[in-house]
Every structure is written in C-alpha cells, then in structure tokens.
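Convention: sequence-line order gives letters A, B, ...; per-chain numbering from 1. As the structure is a prediction and not an experimental result, all values here were calculated from the model. Computed over heavy atoms, backbone and side chain alike; hydrogens, waters and symmetry mates excluded.
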There are 2 protein chains.
Amino acid sequence: MGFSETMKAIADPQRREMLLLVKKQRLRAGEIASHFPNLSAATVSYHLSLLKKASLITETKYKNFVYYELNGSVFEEIILWCAQFTGETPKPPKPL
Amino acid sequence: MGFSETMKAIADPQRREMLLLVKKQRLRAGEIASHFPNLSAATVSYHLSLLKKASLITETKYKNFVYYELNGSVFEEIILWCAQFTGETPKPPKPL
DNA sequence: TATCTATTTAGAATTATTTCGAAATAGGAG
DNA sequence: CTCCTATTTCGAAATAATTCTAAATAGATA
C-alpha cells in the first residue's frame, strides 16, 4: 500500500493501541477486540483490516482463529521519510 | 496538537507536497497555492491551517503577505514513536 | 450432520474531511 | 479615504471514514 494509507492507519489512536498490543505478542482477533470494550468485534476487524492493508501487521490463520502480529519494517520507511525534514541546515531565520 | 492530528496532516499527499515546498524555502501562501493549479486558494489555506495546527509549519505575517516555513522538530517526535516498533527482538515466528 | 465458536462481510446510519465560491479581513498604494 | 491585492473565514455540497447490527463464512466438536 501507499504511504498515505500507512499514515492514515497510524493516525487513529485506537489503531495505534492495537499496534502496541500486537507488538508485545501475537494475538487473536478476539483477544484484541476484548481490549476495546466500547467497540464491536466487527469494528475491530475493520481496523485490523486497515492495518493489514498498510502492512503494519500480518495475519496467520490457524484452526478457526486469526492471529495478528506486528510487521516492524514499515516503520523504518516512515522514519526515512521523516528524516528528510530534520536537521537539514538549521536555517537562521532571515528577515523577510 | 496531538499525535493523531499530526499524522492525519501528514497522511494527505497534497499536504506532504506542501511540506516539501516549504522545506526548500520560506514561501508565501500564494506561492504555495500556485503549485496546486487544481485547488482554490481557499482550499490551500485550509490545508496550511491544518499543517500549522499540527506544528509542522509556522507562519509569519509581513505586509499583507503570510509566509510559511517548515518546523522540523515535530518529525523527530514521529521518528521516536516509530522507533519503538523497529528492531526489537527479531522474534522467530513460533508455531501457533 | 447439526451446531457452536471465531471472525469477517454487507448494508445502512452517523460523523468527519475536503472542496468550492462568496464574503470578510487586513494592509499597501494612489 | 478609496481601491487593490493577499489571504482567510463562512456556509454549503460532495466525498470519505467510522460504527453498528445482522448475515455470511469457516472450521471444530458432539
């Protein structure tokens, strides 16, 4: 997926919370959903599908469970993109 | 502003293009708008206001012009946030 | 096979974002 | 003071994102 979709996925605080959950350990969809008592399982599934489309997580099916885990490599691309905006010539503020 | 607003601001490709423009040099709102022939000046002003609320750019008023320039420091915060998801224990994929 | 559990998909309602044209603001020029 | 230029704000229309319930899917178990 493209950079826009990745950033959009990360822009949502509930999806960021999901990333933190699967960072610690591989989890089933239902275990993730149970961390969000105010969301339906269908809504959590929707958010997970966005994270998966953005390659931020991967899924593995086993028995009738779906396991999700983090894919850390995409974050390195984001870091590279951000780095072009940091540190470059501290630019003394010239008068207009 | 919060992290969500910052990421949401960056998630839009037109706003990212604006960031690249003001990275090179401080520009007036009208100069930025002229890089987007398919957008009205009002729309560009709206996007710039989002970037400003996210502290990704700063504005300076002089005569009846408004100058925008990049604020690189926010990108360092994004990099720090992303770094927590990279490199941590390459995690051999265990069987389920 | 019939049924149960885990999860996703479909469809609809709600809310948020993007965009425009028109009007408002602000400062400079005549 | 009056007009002009640069930019933003307002209000409305179009588009996209989020959420739900209900139905569908898939695999396990009795």
Side-chain angles (χ1 to χ4, degrees), chain A residues 1-19 21-22 25-71 95-96, chain B residues 1-19 21-22 25-71 95-96:
Chain A
M1 284 304 116
F3 195 74
S4 296
E5 286 71 23
T6 302
M7 297 303 275
K8 221 183 287 185
I10 292 178
D12 183 274
Q14 306 186 113
R15 289 193 289 264
R16 286 200 302 279
E17 183 63 30
M18 293 177 194
L19 290 174
L21 287 173
V22 298
Q25 58 188 306
R26 178 164 43 197
L27 290 174
R28 298 187 293 218
E31 294 174 306
I32 298 170
S34 69
H35 278 82
F36 298 90
N38 39 344
L39 292 186
S40 71
T43 297
V44 172
S45 177
Y46 160 76
H47 285 299
L48 291 172
S49 78
L50 291 188
L51 291 171
K52 185 166 57 117
K53 273 195 276 194
S55 301
L56 290 162
I57 58 176
T58 60
E59 80 174 19
T60 314
K61 297 185 186 193
Y62 183 69
K63 306 219 172 186
N64 52 346
F65 299 109
V66 180
Y67 287 84
Y68 286 101
E69 66 186 306
L70 186 74
N71 174 23
L96 299 164
Chain B
M1 286 305 115
F3 195 74
S4 295
E5 286 71 22
T6 301
M7 298 302 274
K8 221 182 287 185
I10 292 177
D12 183 273
Q14 305 187 113
R15 289 193 287 264
R16 287 201 300 280
E17 183 63 31
M18 293 177 194
L19 289 174
L21 287 174
V22 298
Q25 58 188 306
R26 178 164 45 198
L27 291 175
R28 298 187 294 220
E31 293 174 308
I32 297 169
S34 69
H35 279 82
F36 298 89
N38 38 343
L39 294 185
S40 69
T43 297
V44 172
S45 178
Y46 160 76
H47 285 299
L48 291 172
S49 77
L50 291 187
L51 291 172
K52 185 166 57 118
K53 273 195 277 195
S55 303
L56 290 162
I57 57 175
T58 59
E59 81 175 17
T60 314
K61 298 186 183 190
Y62 183 69
K63 306 221 171 185
N64 52 346
F65 300 109
V66 179
Y67 287 84
Y68 287 100
E69 66 186 306
L70 186 75
N71 174 24
L96 297 166

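Residue B:Tyr46 places none of its side-chain N or O atoms closer than 4.0 Å to OP1 or OP2 of D:dG11. A sub-4.0 Å separation between OP1 or OP2 of D:dA26 and a side-chain N or O of A:Lys61 is absent. For the pair A:Thr43 and D:dT19, the criterion of a side-chain N or O lying under 4.0 Å from OP1 or OP2 is not met. Between A:Ser40 and D:dC20, a side-chain N or O to OP1/OP2 separation shorter than 4.0 Å is present. Contact annotation: A:Gln14 does not reach the phosphate of D:dT18 (side-chain N/O to OP1 or OP2, under 4.0 Å). Proximity of B:His47 to the phosphate of C:dT17: no side-chain N or O atom is located under 4.0 Å from OP1 or OP2. Phosphate proximity of C:dA6 to A:Lys63: absent, as no side-chain N or O sits under 4.0 Å from OP1 or OP2.
Using a 4.5 Å cut-off on side-chain heavy atoms (C-beta onward), B:Met18 and B:His47 make contact. Counting heavy atoms from C-beta on, the side chains of A:Ile10 and A:Arg16 come closer than 4.5 Å. The shortest side-chain heavy-atom distance between A:Phe36 and A:Asn38 falls under the 4.5 Å cut-off.
We find that OH of A:Tyr68 is positioned 8 Å from C1' of C:dT7, with the value rounded to whole Å. Atom CG in B:Asp12 sits roughly 11 Å away from atom P in D:dA17 (whole-Å rounding). Rounded to whole Å, atom C1' of C:dT18 lies 13 Å from atom NZ of B:Lys8. Between the CG atom of A:Leu51 and the P atom of D:dA17 there is a distance of 14 Å, given to the nearest Å. Rounding to whole angstrom units, NZ of residue A:Lys53 and P of D:dT18 are separated by 11 Å. If you measure from atom CG of A:Asn64 to atom C1' of D:dA28, you get 6 Å, rounded to the nearest angstrom. At whole-Å resolution of the value, CG in B:Leu48 and C1' in C:dT19 are 15 Å apart. Atoms CD1 (B:Ile10) and C1' (C:dT17) sit 17 Å apart, rounded to a whole Å.
In terms of heavy atoms, B:Ala11 sits closest to A:Lys8 at CB-N, 3.6 Å. Residue B:Ala9 comes nearest to B:Leu51 through the heavy atom pair CB-CD2, 4.2 Å, listed as atom of the first residue, atom of the second, then distance.
Where B:Leu39 and A:Gly30 each meet DNA chain C at their nearest nucleotide, the meeting point lying more 5' is that of A:Gly30. Mapping A:Phe65 and A:Ser49 onto DNA chain C by nearest heavy atom places A:Phe65 closer to the 5' end of the strand. Closest-nucleotide positions on DNA chain D for B:Arg28 and A:Asn38 were compared, and the one nearer the 5' end corresponds to B:Arg28.
At least one donor-acceptor pair closer than 3.5 Å links the side chain of A:Asn71 to the backbone N or O of A:Ser55.
Backbone-only engagement by A:Ala29 is indicated by non-hydrogen atom pairs under 4.0 Å involving sugar-phosphate atoms exclusively. In this structure, A:Glu31 reaches neither bases nor backbone, as no heavy-atom distance under 4.0 Å exists between it and the strands shown. If you check every strand for non-hydrogen atoms under 4.0 Å, B:Phe36 touches nothing. Residue contacts for A:Leu50: at a heavy-atom cut-off of 4.0 Å it reaches the sugar-phosphate backbone alone, with no base atom in range.
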